[in-house]
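Contents: one structure, followed by commentary.
We name chains A, B, ... by the order of the sequence lines, and we start the count at 1 in each one. Here the structure is a predicted model, which means the values were calculated and not measured.
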Amino acid sequence: MSDATTIVETPHRYTAAFAGSIELRWQTWWESENTYRQPNPGEPGFDASKPKFYCLDMFPYPSGAGLHVGHPEGYTATDIICRYKRMKGFNVLHPMGWDAFGLPAEQYAVQTGVHPAVTTRKAIDNYRRQLKRFGFSYDWSREFATIDPEYYRWTQWIWLQAYHAWFDPTKKQARPIDELIARLDRSDAVVAIEGGEARWSKCTPLQRQQHLDRHRLAYLGVQTVNWCPKLGTVLANEEIIDGRSERGGFPVYRMPLKQWMFRITAYAERLVEDLAIVDWPESTRTMQTEWIGRSDGAEVQFETMRSKDDGSHGAMRMRIKLTELTAALASPSAGLLQEIDQRCRATPGLEVDVSIAGVFLGSKHLSELLTLQGRVRALGAVAMVVDTDELQRGVFRVSKLDKLLRVVDEEHTIKVFTTRPDTLFGATYMVVAPEHPLVARALADPAAATDVDNLAAYAEIAKNRADVDRMAESKTKTGVFTGYYARNPATGQPIPVWTSDYVLMSYGTGAIMAVPAHDERDFEFARVFGLPIQQVVEVTGAPWTGEKATSGEGVGINSRNEEVSLDGRPTAEAKSIIIEWLDRKGVGKKRVNYRLRDWLFSRQRYWGEPFPVAFDADGAHHAVRADALPVRLPELIDYAPIESDTPLPPLGKAMGWVESTAGAVGLDAAELRATALVRRETNTMPGWAGSCWYYLRYCSPTENSRFVSREAEQYWMGGRGVDLYIGGAEHAVLHLLYARFWHKMLYDLGHVSTSEPFGKLFHQGMITSFAYQRRDKSLVATDLVDESTDGKFIERATGEPVAQVIAKMSKSLKNVVNPDDIIAEYGADTFRLYEMYLGPLEASKPWNTRDIVGVFRFLQRAWRLAVDERTGELLIAAETDATIERTLHRAIHKVGEDIERIALNTAIAALIELVNAATRPTGMADPSQGGLTRDQLDRFTRVLAPFAPHMAEELWRGLGHTTSVATAPWPTVDAAMLTDNEIDMPVQIQGKLKARITVPAAATPSDIERLTLADAEVQRHIAGRPVKKVIVVPGRMVNLVVG
RNA sequence: GCGGGCGUGGCGGAACUGGCAGACGCGCGGGACUUAGGAUCCCGUGGGGCAACCCGUGCAGGUUCGAUUCCUGUCGCCCGCACCA
């Protein structure tokens, strides 16, 4: 019927060309009518009586290749949900924009020689065109790109907020840095500076800055960074996979470098804890938790020695309680001061570090402490030091005064972190990372029994090796003895200190106590180097054989000294006993350690946001004033990365921009004269910067006095933040962790109203494709394979059978699908339906072009149900068919329910069932007779609208409406229509289905039982056996247990 | 190795909270309309058996009147982390 004559007869047939024409028509109309424009509170047309729904897509990174089929998967899902929510009476915020700064655009630009601004804008235009062709209901008036100066102006502003803030450990939140400065001014504390310590009032401006940099949330710090020479930039830990760059897979080397960092570690605890208050996939919450990597354990100090017999380095360690201190002050000749005196006399030249935090108390204790200081000074060479690290951690409070004072010897102490302090008695040696300061000290110490050549060589190799190599060689343990010993505080025995690259400087303290009996790595190392192994735990279910480490929990043995015993104690108990003992002795304490490292935020690249910072002649940094933003990215002709042994940012080439004056850059006049010469920061921010807060900007994208209008932010982000955020699981730790961190800083500083940005998160699965595999597991490109009629796949060249397997789409396998092609062949409505019908949104699913025709046929059937293909007139049934009415109610109910739980594949199945039910009795037999009444068609059009908005709009217009179906209310469901008067119930005998009976819906269980036993078919199956038990589940089934 | 998830027809998948396994679609078989169909429409379609009936949710057990669903063990696949002390 599609020959020349019949085509003329059915000009209104739903073909791809027809779909394309109505789709373009309605897209144009929506745009001219501003159908999807969502006004903000206070704007004309805003309806304050409606609840809000903020539904966000992860905005795309526009590449030259255009959209792939993965993009519209999530975007179609959010579009369906948004359209549904609008019809349910919500104010829906559904925006789209462009994540446009970043490495790929720059690499592409370097390759092609076209400026990234040009290629990126072109890619954006292409993406926008493609997205509009899908008929997505974005409010395009809110569109922006992260490369817009009006946008990155505020990215820089947010960075400045972090720069001007510190993390107050007692409040556990970010506070303005001015508060810290005021505190330091007040207390005039002794602070650590390069090469020693000094009073705050005595510090130079540069020294003060160095101290503040240890507290700022955005700070300049020397860090061992991940340097990727191929990419010409450093990378964040999160951007490295298996020792290679996430992008490109190039080797990454470690080197120290001064870089801008984010103090994300300060938020480690809150970033873990708040995962409990968000509705996120379990897998993603787990991943973030593990990435942050909280470990509970203890820090233990080991005193080092030059030889086994050496009593000490002359270090003295003691802990002075306030009560003792008070006693000492009351009676200068009392034991405490005498002891210090004696020790000082016994060891000429001894230096004792006294950690005193009391100076911060500003109370009467201060004078007492200063008195002591005088006394101690009189006794020997004593320096007063404020332990600023501890202060920062909030350890010192007035109530804890009895823990304040202790004499420590930092220089000759190795600190370790352990999760198993209960195994301390089994620590038979120690290992420090090759980068640990002790290694350098051993090399420089002529008195130590160090094999200098070996140690130096080992440290050098380990340091310069890329992490890839380090891992590749991880099979056997290597290491060198440092020549030093340490005293096990529990046993009092000297134990050797080794260095090995299996201990990482970046985790914990960069040193471990090795307990070979109960740690597999330590065991292996001890075996290789013949170190002693001492069992100290009887591990439950793992009897000690000496052949391998037993690492579980159990009961302590061989663990006692004069003061403490762990013998017979279960692991958990033993841990707290030993920690308490260590704490009392002043050589250890409870500690929480995180795997998370501070976030390296500098990149040696051109295509990114410039930092709003410049350096003066002394090298001190100064922030750009907020009113002088944005710091515009200078136009560079040559933006290629500079090849060098050390990272050199390309912005360094913009000499006229880099060399400037304080006034021109916009620095604070109170800090520097306007004419002062300054050098701008030439590093740029990484690609993540723009995506850390774009969801906030959408709330009021044209606001120019603030990063987001306060009112708009409170309205759209109120409650739980973004109500639904859909995007790929590949961002589970990177983007989603960074954005949460920025959001929490902004929350602490009072700029946003929720502590978490994304209340509900959902990951769409990956759309994969089929590929073909030979028997030797090698893959064959799709276009080299034929399918035979019996469903087998044959490689054309060889005639050999190949297996169909699921693989990622890739150019080499020739299985990449371009959305433009599919839309040209079937239309956007079909494309949308197909991707949603493929399977559950969260599952990874293979694209199979052959299957598209299924949903296309559905749309054709739906169209034919409503429209006379010869005339284009609506087909309206004269009378309401009760069965169809019932089916319609059920479909409306099911579709709404399924959209709410993001089960879009089954929602579409319900629509298909409805259309099948309404068309099949009629079929092609009588095309002049419609299957639905006008009222039914009206409701059907509305439930269809979220899925196939173009066809729905066309039908809606045909029904006589003049406004968009997008603004129509969702049809209501009559609950009475969802149940039948009579229910068909299965009857099981011994749990197996044997018969079915029909019972009234209102039947009671006893009615049902009676009806069941009265049924002839049931009686036949019982076959005279006694019925021992009858289980009736009303509305479900009946089960008979017979003897 | 650790953590998270998944195994259901030829294929994609469905099944609420333990209650009729395989909805819906593809493919396939048959038919209709056609000069023709790889378009469209209709009917059928888990396997075995003529049938009554039997067997079926990776495999082996268990709990239960009843298990795709819960438990134990095991095999396979996917994702994440990985010498993290």
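Comparing rU40(B), rA21(B), rG25(B) by their nearest atom to the side chain of Tyr837(A) picks out rG25(B). Distance from the side chain of Leu504(A) is smallest to rA85(B) among rA14(B), rG66(B), rA85(B). Closest to the Val1033(A) side chain, of the nucleotides rC24(B), rA85(B), rG19(B), is rG19(B). In the set rU40(B), rA15(B), rA85(B), rA85(B) carries the atom at the smallest distance from any side-chain atom of Thr418(A). For Trp291(A), taking side-chain heavy atoms from C-beta onward, the closest of the listed nucleotides rG3(B), rU40(B), rA82(B) is rA82(B). Listed nucleotides: rA85(B), rG66(B), rG13(B). Nearest to the side chain of Gln988(A): rG66(B). Distance from the side chain of Thr419(A) is smallest to rA85(B) among rA85(B), rC24(B), rU40(B). For Tyr502(A), the listed nucleotide lying nearest its side chain is rC83(B); candidates were rC83(B), rC26(B), rA21(B). The side chain of Lys845(A) has rG13(B) as its nearest neighbour among rA85(B), rG13(B), rA52(B). For Val1041(A), taking side-chain heavy atoms from C-beta onward, the closest of the listed nucleotides rC54(B), rC65(B), rG3(B) is rC65(B).
In this pair, Phe831(A) and Trp847(A) present their aromatic rings tilted. The plane angle is within the 30 to 60° band. Relative ring orientation between Tyr507(A) and Phe417(A) is described as perpendicular, the plane-to-plane angle rising above 60° on a 0-90° scale split at 30° and 60°. The aromatic rings of Phe856(A) and Tyr14(A) sit tilted, their planes meeting at an angle between 30° and 60°.
rG12(B) sits 27 Å from rC81(B) when the P atoms are compared, rounded to a whole Å. Only the P atoms considered, rG76(B) is 16 Å distant from rA60(B), to the nearest whole Å. Atom name C1', nucleotides rG80(B) and rU45(B): the rounded distance is 41 Å, in whole Å. Comparing the P positions of rU72(B) and rC78(B) gives an interatomic distance of 25 Å, to the nearest angstrom. Spacing between rC16(B) and rA23(B) at atom C1', rounded to whole Å, works out to 14 Å. rG30(B) and rC79(B): their C1' atoms are spaced 44 Å apart (whole Å). Comparing the C1' positions of rC11(B) and rU17(B) gives a spacing of 31 Å, expressed to the nearest Å. rG9(B) and rU69(B): their P atoms are spaced 15 Å apart (whole Å).
One interatomic measurement links the two molecules: CG of Asp898(A) to P of rG13(B), which rounds to 17 Å at whole-angstrom precision. Between the P atom of rC20(B) and the CE atom of Met985(A) lies a distance of 11 Å, rounded to the nearest Å. Residue Arg1036(A) contributes atom CZ, which lies 13 Å from atom P of rA15(B) at whole-angstrom precision. Atom pair Asn1039(A):CG and rG18(B):C1' shows a separation of 13 Å (rounding to whole Å applied). Here the P atom of nucleotide rA85(B) and the CZ atom of Arg595(A) are 10 Å apart, to the nearest Å. Rounded to an integer number of Å, the gap from CE of Met287(A) to C1' of rC2(B) is 14 Å. Rounded to whole Å, the distance from CH2 on Trp847(A) to P on rG12(B) is 17 Å. One can place OH of Tyr429(A) at 16 Å from P of rA85(B), the figure rounded to the nearest angstrom.
Nucleotide rG56(B) is matched to nothing when pairs are restricted to Watson-Crick or G-U wobble geometry with both distances under 3.5 angstrom. Nucleotide rC83(B) has no partner under the Watson-Crick or G-U criteria, as no pair reaches both atom distances under 3.5 Å. The partner of rU69(B) is absent, by the rule that a Watson-Crick or G-U pair needs both atom distances under 3.5 Å. Of all nucleotides present, only rG5(B) satisfies the Watson-Crick or G-U wobble test against rC77(B), with each distance under 3.5 Å. The partner of rA32(B) is rU40(B), judged by Watson-Crick or G-U wobble contacts that both fall below 3.5 Å. Pair check for rG12(B) finds rC24(B); Watson-Crick or G-U wobble, both atom distances under 3.5 Å.
His1021(A) has a side-chain polar atom (N or O) that falls below the 4.0 Å cut-off from OP1 or OP2 of rC53(B). When the side-chain nitrogen and oxygen atoms of Lys994(A) are compared with OP1 and OP2 of rC54(B), one or more of them lie within a distance under 4.0 Å. Within the structure, every side-chain polar atom (N or O) of Arg861(A) is placed at least 4.0 Å from both OP1 and OP2 of rC24(B). When the side-chain nitrogen and oxygen atoms of Thr906(A) are compared with OP1 and OP2 of rC24(B), none of them lie within a distance under 4.0 Å. Side-chain N/O atoms of Lys992(A) include one lying less than 4.0 angstrom from OP1 or OP2 on rC55(B). Put simply, Tyr507(A) has a side-chain N or O that comes within less than 4.0 Å of OP1 or OP2 on rA85(B). Arg857(A) has a side-chain polar atom (N or O) that falls below the 4.0 Å cut-off from OP1 or OP2 of rG27(B). Between Asn848(A) and rG25(B) there is no side-chain polar atom (N or O) within less than 4.0 angstrom of OP1 or OP2. Applying the 4.0 Å criterion to OP1 and OP2 of rC41(B), one finds that Arg864(A) has a side-chain N or O inside that range.
Residues Arg527(A) and Glu524(A) are not paired through a salt bridge, judged by the lack of any N-O separation under 4.0 Å between the basic side chain and the carboxylate. Under the 4.0 Å criterion applied to side-chain N and carboxylate O atoms, Glu897(A) and Lys894(A) are not assigned as salt-bridge partners.
Glycosidic conformation of rG9(B): syn, with the torsion inside 90° of 0.
No side-chain heavy atom of Trp863(A) sits under 4.5 Å from any side-chain heavy atom of Arg13(A). Within the 4.5 Å cutoff, no side-chain heavy atoms of Thr499(A) are placed close to those of His436(A). In this structure, the side chains of Ile292(A) and Leu737(A) come closer than 4.5 Å at one or more pairs of heavy atoms.
The 5' end of RNA chain B is approached more closely, in terms of each residue's nearest nucleotide, by Ala843(A) than by the other of Ala843(A) and Arg420(A). With RNA chain B read from its 5' end, the first of the two nearest nucleotides for Ala903(A) and Arg996(A) is the one closest to Ala903(A).
Among the protein residues, Asp522(A) comes within range of no part of the nucleic acid, since none of its heavy atoms lies under 4.0 Å from any strand.
Below the 3.5 angstrom threshold, one finds a donor paired with an acceptor across the side chain of Lys477(A) and the base of rC83(B).
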Legend entry - ring pair (Phe, Tyr, Trp, His ring centres under 6.0 Å) between Tyr826(A) and Tyr834(A), intermediate numbers included: CA-CA 10 Å; Tyr826(A) 292 99; Tyr834(A) 173 65; 8.9 Å; no

